[in-house]
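So that the names make sense, note that chain A is the first sequence line, chain B the second, and so on, each numbered from 1.
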Amino acid sequence: MKSKKIIYALVSLLTANIVTSCNKLDLIPHDRTTDVEYWNNPESALYMVNKCYQGLNNAYEVLYADAMTDNAYTKVTNSYNQYIGNGTYSTADGYVHSVWANRYAGIHQCNQLLQNIDLVPNLSEALKNRFRGEALFIRAYHYFELYTKFGDIPYFTHVISIDESKNIGRTARQNIVENVLNDLDEIINNNYLPTDYDEQNVGRITRWAAMSLKARILLFEGNGKYAEVLSITDKIINEGGFSLHGNYESLFTVENENNSEVILDVQYKSVDREHQVQYHFLPPSLGGYSQLSPLQELVNNYITLDGYSITEAPVTSYDPSNPFENRDPRLAATVMYTGNSYTLENGTQHVVDTRKGSSPDGFGFSSDASATGYYFKKYWDNKYRSNLYSGLNIILIRFADILLMRAEALIESGAMNNTEWNRTIRPLRVRAGFTESRALDFPGTSDLRKIIRQERRSELAFEGLRHLDIMRWKIADQVLNGWAHGMYTGDAVGTDNGFIRVENRSFDPAKHYLWPIPQSERDLNKNLTQNPEW
Amino acid sequence: MLMHYTSLGIYLTSCKQFNYDLMKDLIPIQRNWYRDFNLCSFQHIVKYLIIFCTTFLFFSPNLLGQTNHSLRGLLVNSTHEPISGASVTGSDGISVSSDANGNFTIELSKPDASISISHVSYDTRVVKLNGETFLRIVLQSIENTLDEVVVVGYGTQKKSNITGAISSVNVKELESKPVLNVVEALQGITPGLTIQQSTSQPGSRPAINIRGINTLNNNDPMVIIDGIIGDIQNVNMSDIENISVLKDASSAAIYGSRASNGVILITTKRGNKDSSIIRYNLNLASQTPTFLPSIVEPWVYAELRNEALYNSGRPVQFSADQIMDFKQNYKNTNWMKEIYKETSPQSAHDLSISGGNNKTTYLVSGAYTQQESMLKGHDYGLDRANFRSNIESQVTDRFKIGLLAAYARNIIKDHAYWTEWIIEQATRMPSIYPILNADGTYNYPSGSNSNALARLEKGGLRSSANDDLSGILNAEFKILDGLKLKGMLGSQLYYNRLKENRAAIPGSGDLENRSTNSSQKIQNITSNLLLSYDKNWGAHTLSSLAGFSYEGGTDNRFETFRIKDSNDFDIMGGLQTTNTGNQEWQSEWSIYSFLMRLNYDYANKYMLELNIRDDFSSKFRKGNRSAWFPSMSVGWRISEEDFYSENLKNILPSVKLRTSWGLVGNNRIADYQYQATVNVVQGYNFGNTMFPVASFDAVNPDLRWETTSMFNIGADLGLLKNKLTLSAEYYVNDTYDILIAIPVPSLYGAGAPIQNAGKVQNKGWEFAARYLFNTGNVNHTLSANISDSKNKVIDIKGTEWISGFDVNTIVREGYPIHSYYTYRADGFFQNNEEVSSGPHLTGITPKPGDIRYIDKNGDGTIKEDDDRFILGNRFPRILYGINYAVNWNSLDFSMFWQGVGQRNVWMRGESVEAFHNNNEGPVFDFHIDRWTTMNPHATYPRLTVGAESANNATKSSFWIDNAAYLRLKNIQLGYTLPSEWTNKVSLNSMRIYSSIQNAFTITKMKGGWDPEASDGSGRIYPVNRTFSLGLSVNF
């Protein structure tokens, strides 16, 4: 009998334990909601639109874009875009696929907000419009980044299912451009977006940013769109309240983030949201690995202080044995060469010696040293935390670009004159530090197209725009064929006239003006056709 | 000296420093053989063994020359435990029994008489006295014959009645191995159990797999310790009574869910009813790395560096004078050796006390293990303490309870960086640079901004402490004869704390002081209630079982970090509020199950087993939760049939055929996957304000159980009076509805959710043999096993995916899972004509001496899109193990060989490539045979640096190594002291032994890397070779 009592006690103990300490089968996470409940939260739209910003762009994609041009070279093969720069990329290229995948992930986030925003309770009409405006802008930005590279692409404005993603075909590029412009017009014409934000929200998309993106899209279309570019840029210049920041070099520093010139940037903040892109371009003496380095071709682009291209400059203006003297001050602010220096946080100068074999930054000294003999200086953040982590913002659109877009549209439509020159190019050169009139004054009958393109490249180097420029100007086949060069060593071996041969590039104009649709995507979606020659 | 040493060791076990010093004292004797160990020094081992043997022989007592008619004896089993109740019969018919301590005394008529010893659990032995008055007699357990009891799911079965594929590990073969966890000891022991050890980093655990790769999902087997899911790493090896490996559906299906990768059942020891035993084991060991890279000397380096620079169109670096100077004056600095100590001690103690009376038995044990890291630095290594208390009591005739409690604590101290970074940095450095400057500061040559030794010595500390506490309460109530109700409630509490205190190293690129503190608490509960009924009538035997089980767990993690201006304190005190963050996670799961088993046996001839289990898992949504996992198996003992003639029986006394089929499940995906969850975290800043962002997880609400259908057919044979047993198995596992995130178009934009979308087939065979034989007084045991498995992806809905960054693998229908996928190398271009006829990689023009690749589609260029081949995979095939043990009087010797017949490993980067990635190093010995015009039949292409290496550094079959190997995993020699001696000091028995783990390896691996290396590189803490001395004492 005793044993029966014990067994009853034990069984009840076991049962009690099962009942009390067990997890049920319907378990839900502790730190997350599910999508059904999510949109009931008044904050949900804000959180979702913030998510869209995360995908807009990032420090790596912006700065590495120049490695696909004659501005820069990356020595790493995996994961980055060296193969696009040298023309050996294939339909399996990892970088091409990552652009495709990340942009469509971003589009999905925007569509998710736009599709669900009406479910969110207690949202004022103004705020709802602002969120819509931000999401429409970001979606437009993604599509622009996609069609400029891939041409015709799948275009959709709702959240698609897996089945749809396996069947959707490509939309003609022209239709996408129209749709994207319509979206931007909707934002602009209905004043969805404010013209500025309070300190807590600085960095969000403004009406001016929407107009600037529209200008960029129109300019990419080129012929037939210049008038529109002119009217938009005129409005931004007159009414936007933007002005050029006083000093070109300090424009890209933490102290001057969100300055009067910035129209839109990717926001970073130490310690909470950082990038480590400096590790990729700084010299070993500053702890970098210099896998992204400027090319001699970029250095050559900078004019002399008296306004000559180095190829045309008289010996009094440009001395090949002293190539960094008497040059556009933006060269020293952008590219690190022997004798140039980085300003450290304490104000001292960190002078760099890139001469062949010199320790530790010299060409060929170690695998950490630059493959071209040059380092980038723009976007050097002397307030970096350890291991080169940085909270420095990366600018996507700035006022200088508006001026350059306007100048280009004027030149292409034959309307550039002294007044417009003094409104666009001259202020850029004054700000850059030019004083000689030959560099500042309207050059009149000269090759204005060459001047504007050269100016644009010097002003915006390492800001992710050169790739779009050489694509729309259709000059990639001229600038991306043959050897890309590094600095002058004078060696007989491995150089052209003493300039280091860095990489032999090739660009097939029949093929390379469009990237391939990634083969792995075509394997999953039989309706995705391929671009010509791929 | 040895005696002196070991007895001191017993009393001073807790004093670490003391042991350490003793080790140092011991080591000088053997200084010549333990260093720089490689295949060539095998002869030294032999020499060492001979010395060892001679020493023992010298110590052995001279027992000859005395005659007496009275014999005293001690009976022990092979683990030196006394055997009580054995019957000892003299040749003149007098019979006595051994007492509780295994002692007996028998009067015999003549000094050269024989005695016969018999016991139900041991082989009968006949021993001739040869005039001796005292004999210590070892009886071999008859566990290898067919009446052995095997632990199966929720119970035990007689081996002769088993119809499924179960390997019962011979725990004896695991003993005295100087290893830190049972997984390492199990390698090669049992067919179908694949264990791969690529590192001996303190606290690491080798990979375990049963019968190959069944799924694209998690392939780890389930480990059940005394009835609950446990951590195999934390079981004290000497507490283990039995290990069963359940390999087919029939044996594993009772565990239904999560059994698709097999089950390892571990049962711990209990006390004995009629005797008290105190056992103490000590093992002191010294570790050295098995393999270190074989880099070239400074002058060779300099010559090859010059050659590579010249080949790459760059000026040479070293003058002839410098090279001569290197040759005459320079010390070779192998940075890879400099980061390890010459030897690192390891010690293990365990003590157990067991016993009991008629009603209650107990076992209490404790163990302490200490393993120093081989890396230099402060006090890195593992400390582990184990405690166990197993108590069982027969409360009344009908009611029995048991309480099993175990606790393990591991404390691991390590450097605060990643071992990969440390080894990578050290490997890349050529031998011309010292690791320390003459003034004792760290050297940062070649523009490097880190120094591996500096990171080890100055980079801070990462320490983790984990506590694993488990308690199991069992109750068994006999309702009627044959009808029993059993209840079990078990809980495991696992608590892990990690503190990482990374310190800035002035003068290097590591400039951050960062403290991270994290903790994880896992709590699992298992309970079940089982009703069993057993009945015999006539030739029929029936046993059945039905029950209900619940398992559930909670996993909670917390992490906080802080970046500090200085590194004055180890803990995160103070009031810092910036540069700090924290995060908590929690998840839960549960499974409710009903299970049933029926065994029927007719006259020991025909056996049938049926199992069924129904599982409800919280990982799937309502409607998809439940799944039935049935299995059945049959066995036929042909040798019991009437038609099986006596003649046949003399040759082949036992023959059994068996086969099984069944379904088992797998739900091992993360929790909540069927729910569309939204994460909100601080993710984007505007100005200086961080804002929350919402992320939607990829979701598929329609998930259900992954299922494996398993078919097994096997045969067990006994020959030579069952002294030689053979068993063979063949199996086919088909896994379908595999839970895998197969690729979806990126257009979808929301990530790839897990789907039930794959089908994999895995086939294999196993063969095991065991032979026990005597030659005179010498007992031999020879066992061997060999097994193979091969998997193939059958269906992944037409998709395929390539994974990996430096090493590419592909999952493609028709091929093994994660096969290597890359170009195929085709020798070297020998001259300019060959170069110009191509083919070339796109964008690269090779030179003579460069690797040529096969142009798969013949379009003239080599491209990733269409020229890659499927080239083997990393999973080992043809695994084998051979164990030979021999006992002669008091001496025992065993050696265990283990090997892999077929495996590929893809080495890359600085582990194989000269001047990898434009670095100054490394240069290995096999680079010397590089291509030059004078050496066209080289094994390595021409040496190059930087961009000139682009052609040869490309991913290709050239870098895929043959990793087959044969390894003398363990060799050991033991000596049991005569009981006359031990009895005088009140000891029952005492054995001393010496053993070497990973003694030597035969392999074709290049560069001096271990053939068990994991994919990619040598950036891994090496496997250790361990020399040990041990002692076991029974009181």
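Contact annotation for Thr861(B): neither backbone nor side-chain heavy atoms come within less than 4.5 Å of a heavy atom of chain A. Neither the backbone nor the side chain of Ile153(A) has a heavy atom closer than 4.5 Å to any heavy atom of chain B. When heavy atoms are compared at a cutoff of 4.5 Å, Lys356(A) approaches chain B solely by way of its side chain, counted from C-beta outward. Using a 4.5 Å cut-off between heavy atoms, Asp265(A) touches chain B through its backbone atoms (N, CA, C, O) alone. When heavy atoms are compared at a cutoff of 4.5 Å, Gln675(B) approaches chain A solely by way of its side chain, counted from C-beta outward. No part of Ile844(B) comes within reach of chain A, as not one of its non-hydrogen atoms sits under 4.5 angstrom from that chain. For Val678(B), the parts lying near chain A are the backbone and the side chain together; criterion is any non-hydrogen pair under 4.5 Å. With a threshold of 4.5 angstrom between heavy atoms, Lys622(B) approaches chain A through side-chain atoms but not through N, CA, C or O. Tyr89(A) does not touch chain B: none of its heavy atoms, backbone or side chain, sits under 4.5 Å away. Contact of Lys400(B) with chain A is not made at all, since no heavy-atom distance falls under 4.5 Å. Both the backbone and the side chain of Ile160(A) come within less than 4.5 Å of a heavy atom in chain B. Interface residue Asn201(A): backbone and side-chain heavy atoms are both found under 4.5 Å from chain B. At a 4.5 Å heavy-atom cutoff, Ser270(A) makes no contact with chain B through either its backbone or its side chain. Heavy atoms of Ser520(A) lying under 4.5 Å from chain B are absent altogether. Proximity to chain B is absent for every atom of Ser506(A), based on heavy atoms less than 4.5 angstrom apart. Heavy-atom distances place the side chain of Asp697(B), and not its backbone, under 4.5 Å from chain A. Contacts of Tyr289(A) with chain B are made by side-chain atoms alone, with heavy-atom separations under 4.5 Å and no backbone atom involved.
Heavy-atom pairs under 4.5 Å with chain B peak, among Glu503(A), Arg385(A), Glu43(A), at Arg385(A). Highest contact tally toward chain A, considering only Pro753(B), Ala694(B), Ser618(B), is held by Ala694(B) [criterion: heavy-atom pairs under 4.5 Å]. For the options Met48(A), Glu164(A), Glu199(A), Gln112(A), heavy-atom pairs under 4.5 Å to chain B are most numerous at Gln112(A). Note: Asn688(B) leads Thr799(B), Val699(B), Asn688(B) in heavy-atom pairs under 4.5 Å with chain A. Taking chain B as the reference chain and counting heavy-atom pairs below 4.5 Å, the highest number among Val502(A), Asn504(A), Asp35(A) is found for Asp35(A). Of the listed residues (Asp272(A), Asn525(A), Ile162(A)), the one with the most heavy-atom contacts under 4.5 Å to chain B is Ile162(A). Across Ile168(A), Val271(A), Thr33(A), the residue that shares the most heavy-atom pairs under 4.5 angstrom with chain B is Thr33(A). Here Met690(B) is the residue among Glu551(B), Met690(B), Lys863(B) with the most heavy-atom pairs under 4.5 Å with chain A.
Checked against the 6.0 Å centroid threshold, Phe686(B) and Tyr684(B) count as a close aromatic pair. Between Phe691(B) and Tyr53(A), the distance separating the two ring centers is not shorter than 6.0 angstrom. Taking the centre of each ring, Tyr47(A) and Tyr38(A) stay at or above the 6.0 Å mark.
Salt-bridge formation is not detected for the pair Arg502(B)/Glu512(B): no Lys NZ or Arg NE/NH1/NH2 atom is positioned less than 4.0 Å from an Asp or Glu carboxylate oxygen.
In Ile28(A), the CD1 atom is not crowded: 12 or fewer heavy atoms of neighbouring residues, nucleotides or ligands sit closer than 6.0 Å. Dense packing is recorded around CG of Asp26(A), with more than 12 heavy atoms of other residues, nucleotides or ligands lying under 6.0 Å away. Sparse packing is recorded around CG of Asp565(B), with 12 or fewer heavy atoms of other residues, nucleotides or ligands lying under 6.0 Å away. The environment of Tyr389(A) atom OH is sparse: at most 12 non-hydrogen atoms of other residues, nucleotides or ligands sit within 6.0 angstrom.
Checking side-chain atoms of Asn393(A) against main-chain N and O of Tyr268(A) turns up a donor-acceptor pair under 3.5 Å. Without hydrogens or angle criteria, Gln291(A) side chain to Val76(A) main chain gives no donor-acceptor distance under 3.5 Å.
Just one residue in the list Glu864(B), Arg812(B), Arg868(B) forms a side chain to side chain donor-acceptor pair (under 3.5 Å) with Tyr821(B), and that residue is Arg812(B).
For the pair Lys51(A) and Phe696(B), the cation does not sit on the ring face, since its NZ or CZ is not both under 6.0 Å from the ring centre and inside 45° of the axis. At least one test fails for Arg625(B) against the ring of Phe620(B): distance under 6.0 Å to the centre or angle within 45° of the axis.
Inspection of the Glu588(B) and His30(A) side chains reveals an N or O donor paired with an N or O acceptor under 3.5 Å.
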Inset, instruction - Apply salt bridge (Lys or Arg N to Asp or Glu O under 4.0 Å) to Arg621(B) and Asp702(B), showing your working. - result: CA-CA 7 Å; Arg621(B) 75 166 160 77; Asp702(B) 210 26; 2.7 Å; yes

